[in-house]
Amino acid sequence: MRLQVSADNTSNPLLQPWSTPYGLPPFGAIKSAHFVPAFDLALLQHGVELDAIADQSKPPDFDNTIAALDVSGRLLNRITLLFHNLTASETSPDLQSVQLEMAPRLAAHDNALYMHAGLFARIDTLFAARTTLGLDSEQMRLLERIHLDFVRAGAQLQGPQRARYGAIMGELATLCTQFGQNVLAEESTYTLELRGEADLAGLPAFVLAAAQAAAQQRGLPSGSHAITLSPSLAEPFLTYSSRRDLREALWQARVRRGANDGPHDNRPVAARIMALRQEQATLLGYASYADYQLQDRMAAKTPAVLDLLHQSWAPAKAFADVDRQALTAMATSLGQPTPIAAWDWRYLAQKVRAERFDLDDAALKPYFSLQAMVGAMFDCAQRLFGLRFIEQKGIALHHPDARLWEVRGRDDTLVGLFMGDNFARSSKRSGAWMSVFRSQSGHAGGTLPIVINNNNFAKAETTLLSFDDVRTLFHEFGHGLHGLLSQVRYERLAGTQVLRDFVELPSQLFENWAMEPEVLQRHALHYQTGQAMPAELMDKLKRARQFDQAWATVQYTGPALIDMALHALPNGTPVDIAAFEAEQCDKLGVPADIGLRHGLSHFQHLFNGSSYAAGYYVYMWAEVLEADGFAAFTEAGDPFDAATAERLLRTIYSSGNSQNPADAYRAFRGRDPQVQAMLHKRGLLSTAVA
Ligand SMILES: [Zn+2]
């Protein structure tokens, strides 16, 4: 069947070949109005491709069915990736309405793909005969992966259940989009205006500069200061502002995101999402949504996750009790009220840290300019994996702040493209993430990856980062390398398309290099004087880093446990998320003066899409792998040990999902991971407290 291309479509840049440099999206020519007609055609075309695979007269074999499926839908994929990147990084009311319109349609298309009886019959036939097909290991992995994708998406359902499943997935897509848009709306409308000198008390110069830039962005008169809910502004404010009343106001606004009455209330949205997830799990034969999710994870079963989380939870709370005593004493000495509250913790911890380690984060920041730290991460990638990053200017991207680099390998061949979009703005969702505009693949002509890293640093004339920001930068770049270094044949197995509790390994592992003394010596140069960070300061940074780990562990582990409890509820249990959260905090004994890193009403990991649902634990799971894995370099006596780096590249960074993750890890480390390195790193092992 041939497709009609209407006159309209020939002027739609989304449907034309992208004859731009590197085949980048033609950002300058794209308008919101192009998306719906482009999706219309691309969805239709993919449907035709799928029918052609299913309806061919030849009996199924790997090439005509599995490999063909892997290359199908390239036009749709190209448009979808671009669309998702734009709605995350540079959205607009027009794009948001396209997003709401397309969410159920894209879900319906996925559903039609996975419910395609003719297609699944061919896949199922091949799967049943898989050991007799003479497949190599990557082909076997792809066949098993695609079969599992279909089964998990309901391909084996019968009768009326098939239509019901499709309806559930469509409604979920709309609700998850709504959830994310509600959080963005609440974050982008909230402003804490600082009026006059008294409101600025305690704020160091870098916070003042960022608050001034934020005020300007919000259209406030020049010279005024504003704090937004963006973590890169809100967290330093909570750390430094000596105005307890303002810290409390900001804290409350953060906690209430998505839980305010009115049009952006996420409480009923999340309740409905939970009901639908439970129904989805029932249809697929699982007792709970957590059981369904964990079947496709390394952890495999809920108890394995709870075991890990509880190994940290009790010791972290115990160590936090000790820290609380020091913070309480500090509050008393400052004449601030006790018992301390959640909006005091960061502020007092910073005071204790400064006193105990003679370290002020504000003194560190001049050594961590964004420019220097981007140079540092590129340098590490070169020393470990031989990559070179060459900036390309003059090419239109989705926003003027975004930058583009060619990535070249040891033999100077082009490996891929890397984009960095580092600054916060109200058209961008909060947080930090890696995404792709195009995945790597090796067959059918092959494609080079186009990878993007997004951060939300406060833009300033010279953007200075906290050490946490530096870690975030390296973290996302670790994901970026996972996408860039991918060397697999099949797109479905490329880069970061690995199991959810393995995907944070390359990113968290890469954070280790940000802390290496020789990296800091070379790159942590004062942005004004060019002087290297003094050894003494570096030493303090290292020692102070252990401090307050208990707080960070409690803040993270609480939400991870609540996520598991929520999704492990037996199907058919109605959920009021506000009541559930309160009840769980009580049951777990979440300290009120620490609180949760994410509350359910704005917990994007859980509700803005499903891939991290029953999956917030993955960061700690990956940390076990990462801490144990980095020890291989320590044992080799060199953080850039060539043989270890080569093994890391071969087994982890380049192998995508072409092998079982446990096998991949064993191939790197020579044994299974051990939990001790993670507990040690978080300071949760020793019984002596200091
Ligand atoms: Zn990550």
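Indexing begins at 1, ligand by ligand and atom by atom, following the structure's order. As the structure is a computational prediction, the values presented were derived from the model and not from experiment.
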Could I get the full list of side-chain hydrogen bond (donor to acceptor under 3.5 Å, both in side chains) partners for S611, not counting sequence neighbours? R500

If I consider every N, O or S atom in H475, which one ends up closest to the Zn ion (ligand 1)? I only need its name. NE2

E476 N/O/S atom closer than 2.8 Å to the Zn ion (ligand 1): no

About how many Å separate OG of S507 and CH2 of W433, when rounded to the nearest 0.5 Å? 15.5 Å

Keeping to residues at least two apart or across chains, list the side chain to side chain donor-acceptor pair (under 3.5 Å) pairs with something in residues 555-566. D563-H567

Considering just N/O/S atoms, say which atom of E504 is closest to the Zn ion (ligand 1). OE1

Checking R152 against Y292: charged group under 6.0 Å from the ring centre and within 45 degrees of the axis? yes

